[in-house]
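These values consider heavy atoms only, across backbone and side chains, with no hydrogens, waters or symmetry-generated copies.
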Amino acid sequence: VQLQASGGGLVQAGESLRLSCAASGSIFILNAMGWYRQAPGKQRELVARITTGGSTTYADSVKGRFTISRDGAKNTVYLQMNSLKSEDTAVYLCIADTADLTDRGPRFFHYWGQGTQVTVSS
C-alpha cells in the first residue's frame with residue numbers, strides 16, 4: 001500500500017491549509033486513515049483519524065480548528081486546517097489501517113506515508 005500526501009506549505013498564523021492523502025495498491029479492507037504530526041524535538045502525535053464508518057478522533061489541541069474527512073471511492077483522506085498556529089508547525093504524516101482475511105482469520109496492517117511539511121509563521 002502506498003500513501004501519497006500533498007498540500008503542505010508555508011502560511012501565516014490564522015490562515016488555512018488543506019492536506020490530502022491518497023492510498024493505493026493492494027487494499028482489501030481499508031479500516032481507517034488519518035494524520036500524525038512530528039515537530040522537531042517533540043514526540044509524534046495523532047492529529048486526527050477517521051474510520052470507514054465515519055467515526056473521527058482528534059487531538060485536543062486541534063479540536064474546533066481541524067476537520068478530517070474522506071472520500072471512500074478514492075481511498076483519500078483530507079485534513080482541513082483552519083486558524084493555524086505556530087505550534088501546528090510540523091511534518092504531517094498520513095497513515096492507513098488496513099486488513100485482509102485469511103483462513104486463519106483477519107490480518108491487520110498499519111502504513112505510513114512520507115509526510116508533508118506544514119510551517120506556520122507567527
Side-chain angles (χ1 to χ4, degrees):
V1 174
Q2 294 79 44
L3 300 175
Q4 184 65 48
S6 61
L10 171 63
V11 296
Q12 293 190 338
E15 294 184 340
S16 300
L17 277 175
R18 188 188 192 216
L19 305 183
S20 301
C21 178
S24 61
S26 298
I27 301 171
F28 186 67
I29 301 172
L30 183 59
N31 288 327
M33 295 185 73
W35 298 89
Y36 279 72
R37 68 185 179 186
Q38 185 155 27
K42 294 186 178 180
Q43 285 192 329
R44 186 174 293 182
E45 64 170 345
L46 174 67
V47 178
R49 183 177 182 268
I50 185 168
T51 69
T52 51
S55 296
T56 57
T57 302
Y58 292 95
D60 288 342
S61 59
V62 307
K63 285 180 181 177
R65 300 187 297 122
F66 291 11
T67 302
I68 190 168
S69 60
R70 58 181 290 273
D71 183 333
K74 296 180 179 180
N75 287 340
T76 298
V77 65
Y78 306 96
L79 185 67
Q80 179 65 43
M81 305 185 294
N82 298 329
S83 302
L84 283 161
K85 304 175 181 180
S86 57
E87 50 262 44
D88 294 318
T89 295
V91 173
Y92 284 69
L93 300 137
C94 176
I95 62 101
D97 294 324
T98 72
D100 63 15
L101 300 178
T102 73
D103 56 2
R104 295 186 179 184
R107 298 185 304 175
F108 301 96
F109 303 90
H110 185 76
Y111 296 95
W112 293 89
Q114 84 284 6
T116 184
Q117 177 71 45
V118 172
T119 303
V120 184
S121 63
S122 57

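Nearest heavy atom pair, residue A39 against residue T89, reads CB-O, 3.5 Å. The minimum heavy-atom distance between A90 and Q117, with the atom names listed, is O-NE2, 3.4 Å. Closest non-hydrogen pair, L93 versus G115, comes out as CD2-CA, 3.9 Å. Closest approach of S122 and S86 over heavy atoms only: CB-CB, 4.2 Å.
The side-chain hydrogen bond (donor to acceptor under 3.5 Å, both in side chains) search around D88 returns R37, R65, not counting sequence neighbours. Take Q2 and apply the side-chain hydrogen bond (donor to acceptor under 3.5 Å, both in side chains) test, not counting sequence neighbours, and it matches no residue. Shown here are the salt bridge (Lys or Arg N to Asp or Glu O under 4.0 Å) partners of R70, two or more places apart in sequence or in another chain: there are none. Residues forming a side-chain hydrogen bond (donor to acceptor under 3.5 Å, both in side chains) with Q4 (at least two apart in sequence, or on another chain): none. Residues passing the salt bridge (Lys or Arg N to Asp or Glu O under 4.0 Å) test with K42, sequence neighbours excluded: none. Judged as a side chain to side chain contact (heavy atoms under 4.5 Å, CB included), and not counting sequence neighbours, the contacts of S16 are Q80, N82. Contacts of Q114 classified as side-chain hydrogen bond (donor to acceptor under 3.5 Å, both in side chains), with partners at least two apart in sequence or in another chain: none.
Within the structure, the salt bridge (charged side-chain N to carboxylate O under 4.0 Å, His left out) test picks out no pair touching residues 15-34 (sequence neighbours left out). Among residues at least two apart or in separate chains, salt bridge (charged side-chain N to carboxylate O under 4.0 Å, His left out) pairs with a member in residues 103-114 are D100-R107. Residue pairs meeting the disulfide (SG to SG under 2.5 Å) criterion with at least one member in residues 11-75, sequence neighbours excluded, are C21-C94.
By the 4.5 Å side-chain criterion applied to Ile, Leu, Val, Met, Phe, Trp and Tyr, Y78 is assigned to no cluster and stands alone. Residues V1, V11, L17, L19, I27, L30, M33, W35, V47, I50, Y58, V62, F66, I68, V77, L79, M81, L84, Y92, F109, Y111, V118, V120 make up the rest of the hydrophobic cluster containing L3, defined by ILVMFWY side-chain heavy atoms closer than 4.5 Å, directly or through other members.
For the atom pair OG1 (T98) and CG (N31), the distance works out to 7.0 Å, reported to the nearest 0.5 Å.
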Please test T67 against T56 for side chain to side chain contact (heavy atoms under 4.5 Å, CB included), starting from the C-alpha separation and ending with a verdict. CA-CA 9 Å; T67 302; T56 57; over 6 Å; no
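No option in Q43, E45, R44 other than R44 meets the side-chain hydrogen bond (donor to acceptor under 3.5 Å, both in side chains) test with Q38.
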